[in-house]
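Below, chains carry the letters A, B, ... as their sequence lines are ordered, and counting in each starts from 1.
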2 protein chains.
Amino acid sequence: MVIEIDFHSDEAIYVQLCNQIILGIVTAQIREGELLPSVRTLAETIGINMHTVNKAYAILQREGFLKIDRRRGAMIAIDIDKLRAIEEARAEMSLVLARAVCKNISRKELHGLLDAICDEWGV
Amino acid sequence: MVIEIDFHSDEAIYVQLCNQIILGIVTAQIREGELLPSVRTLAETIGINMHTVNKAYAILQREGFLKIDRRRGAMIAIDIDKLRAIEEARAEMSLVLARAVCKNISRKELHGLLDAICDEWGV
DNA sequence: CGCTTGTTATATAATAAATATAACAAGCGT
DNA sequence: ACGCTTGTTATATTTATTATATAACAAGCG
């Protein structure tokens, strides 16, 4: 999967990495059981430091998106704690929806947006 | 409206301020046309620096949630650029939804979550 | 004139992010 | 046994961001 980093973004590089890998999973660019590049390889490919990649991988492991085997590397492996996932989704969605609602975006339009995004991913 | 800052959060204080004010608008704790406390007053109430509040207000003004009059203070005034708002909502929602979908939360459940949040706000 | 308003400038401290080296333990392949 | 790669840890340094601290300014109200 291709990873693009915007070095002029106000988002930290490791955050961009996490987001793109998660988007890669949901768009099936990389699937459950597949290996990500090694921290060193990906770091060199992108042109950043090894520890920045390592930080992203460690976070994704803690959040239950991948498992790290010392010798094989980082493998996509979703740990499903659904109750927790729903609570997190609710908290994050509240902030997004609040901004949208303030801007007069209707509940109906938000449902439409949700469908459009899910359609894009074939979910 | 009451503002609560978590000084142990990993979110910057000015970000928490922005989020809470937007949530305050959407829950009608503060309405269009109403004045927020002055930067100095709010800073003292919360126990933080004036510039931190000023930064939050400036950001909310730039994002079109309030207008600042030099002598009157900061007033809730939503600038509706709907096309832009929808694009921003789509980008932010994509990240939230991607995480949720990875955790096996279905499209149906996400619609339910959206409704639950909107219901809470009476939107 | 005194007061408050947002705004700007400058300096400083504290924290976070990113980079740079180096080294370690584990295991694979030859 | 050796060389290689894997993630991991440690340390140091640099840079960027965040937060605080003072100070001053222009604008306007009473």
Side-chain angles (χ1 to χ4, degrees), chain A residues 1 3-22 30 33-79 95, chain B residues 1 3-22 30 33-79 95:
Chain A
M1 67 170 288
I3 288 182
E4 302 255 351
I5 297 297
D6 176 6
F7 291 97
H8 299 90
S9 168
D10 57 336
E11 264 189 332
I13 297 177
Y14 78 93
V15 174
Q16 294 185 53
L17 263 177
C18 288
N19 287 339
Q20 294 212 23
I21 289 170
I22 289 173
I30 184 163
E34 283 185 7
L35 289 172
L36 287 167
S38 79
V39 287
R40 290 175 177 84
T41 304
L42 185 52
E44 199 185 4
T45 303
I46 301 176
I48 59 175
N49 190 276
M50 182 196 75
H51 292 96
T52 309
V53 179
N54 196 49
K55 184 173 181 178
Y57 281 13
I59 289 174
L60 289 176
Q61 181 184 39
R62 188 169 46 77
E63 293 183 350
F65 290 100
L66 48 87
K67 276 176 183 159
I68 298 176
D69 182 300
R70 188 151 206 149
R71 68 176 177 286
R72 270 184 273 173
M75 170 189 290
I76 304 296
I78 312 288
D79 172 64
L95 296 180
Chain B
M1 66 169 287
I3 287 181
E4 302 255 351
I5 296 297
D6 175 7
F7 291 97
H8 300 89
S9 168
D10 57 336
E11 264 189 330
I13 297 176
Y14 77 94
V15 174
Q16 293 185 54
L17 263 177
C18 288
N19 287 339
Q20 293 212 25
I21 290 169
I22 289 173
I30 185 163
E34 283 184 8
L35 288 173
L36 286 167
S38 79
V39 288
R40 289 175 177 85
T41 304
L42 185 53
E44 199 183 5
T45 304
I46 301 176
I48 59 175
N49 190 276
M50 184 196 75
H51 291 98
T52 307
V53 179
N54 196 49
K55 184 174 183 179
Y57 281 12
I59 288 174
L60 289 176
Q61 181 183 39
R62 188 168 46 77
E63 292 183 350
F65 291 99
L66 46 87
K67 276 177 184 158
I68 298 176
D69 183 301
R70 188 151 207 148
R71 69 174 177 289
R72 271 185 272 172
M75 171 189 289
I76 304 295
I78 312 288
D79 172 63
L95 295 180

(message) Taking pairing as Watson-Crick or G-U wobble with both contacts under 3.5 Å, can you name the mate of D:dC25, or confirm there isn't one?
(response) C:dG6

(request) Using heavy atoms to find the nearest nucleotide of DNA chain C for B:Gln61 and A:Gly47 separately, return the residue whose nucleotide is more 5′. (result) B:Gln61

(request) Please report, rounded to the nearest Å, how far the P atom of C:dG29 is from the CZ atom of A:Arg72. (result) 12 Å

(message) If the test is side chain to side chain contact (heavy atoms under 4.5 Å, CB included), which one of A:Ile22, A:Asn19, A:Val15 qualifies with B:Leu95?
(response) A:Asn19

(message) Using the side-chain heavy atoms of A:Ile48, tell me which of these nucleotides is nearest: C:dT19, D:dA19, C:dA18.
(response) C:dT19

(request) Output the single nucleotide from D:dG7, D:dT9, D:dA19 whose closest atom is nearest the side chain of A:Met50. (result) D:dT9

(message) I need the CD-C1' distance between A:Glu11 and D:dT17, as an integer number of Å.
(response) 15 Å

(request) Kindly say if B:Thr52 contacts the phosphate of D:dT18, meaning a side-chain N or O under 4.0 Å from OP1 or OP2. (result) no

(message) Taking CD in A:Glu44 as the centre, count heavy atoms belonging to other residues, nucleotides or ligands within less than 6.0 Å. Is the count above 12?
(response) no

(message) Check the phosphate of D:dA19 against B:Tyr14, side-chain N and O only, distance under 4.0 Å to OP1 or OP2. Yes or no?
(response) no

(message) At less than 4.0 Å, is any side-chain N or O atom of A:Lys55 found next to OP1 or OP2 of C:dA18? Yes or no.
(response) no

(message) Between the base of C:dT21 and the side chain of A:Arg40, is one N or O donor paired with an acceptor at under 3.5 angstrom?
(response) no

(message) Measuring from the side chain of B:Asn49 (C-beta onward, heavy atoms only), which nucleotide among D:dT18, D:dA21, C:dA18 has the closest atom?
(response) D:dA21

(request) Apply side-chain contact (heavy atoms from CB on, under 4.5 Å) to B:Phe7 and B:Ile13, showing your working. (result) CA-CA 7 Å; B:Phe7 291 97; B:Ile13 297 176; 4.0 Å; yes

(request) Give a yes/no answer on whether the side chain of A:Ser38 brings an N or O atom under 4.0 Å of OP1 or OP2 in D:dT5. (result) no

(message) Rounded to whole Å, please give me the gap between CE in B:Met75 and P in C:dT5.
(response) 14 Å

(request) Whole angstrom is fine here: how far is it from NZ in A:Lys67 over to C1' in D:dG7? (result) 17 Å

(request) Could you tell me the separation between the CD atom of A:Glu44 and the C1' atom of C:dT21, rounded to a whole number of Å? (result) 16 Å

(request) Please report, rounded to the nearest Å, how far the C1' atom of C:dA16 is from the CD1 atom of B:Ile13. (result) 14 Å

(request) Measure the distance from CG on A:Leu17 to C1' on C:dA18 and round it to the nearest whole Å. (result) 12 Å

(message) In whole Å, I'd like the distance from the CD1 atom of A:Ile59 to the C1' atom of C:dA16.
(response) 12 Å

(request) Report the distance from atom OG1 of B:Thr52 to atom CG of B:Leu42, rounding to the nearest 0.5 Å. (result) 10.5 Å

(message) Tell me which nucleotide, if any, is Watson-Crick or G-U wobble paired with D:dG30 when both distances must be under 3.5 Å.
(response) C:dC1

(message) With a 4.0 Å cutoff (strictly under), does any side-chain N or O of A:Asn54 reach OP1 or OP2 of D:dT8?
(response) yes

(request) Working to the nearest 0.5 Å, report the span between OG1 of B:Thr45 and CD1 of B:Ile5. (result) 11.5 Å

(request) Look at the side chain of B:Glu34 and the backbone N and O of B:Ile76, then say whether any donor-acceptor pair between them is shorter than 3.5 Å. (result) no

(message) Is it the case that C:dA17 (base atoms only) and A:His51 (side chain only) share a donor and an acceptor within less than 3.5 Å, ignoring hydrogens and angles?
(response) no

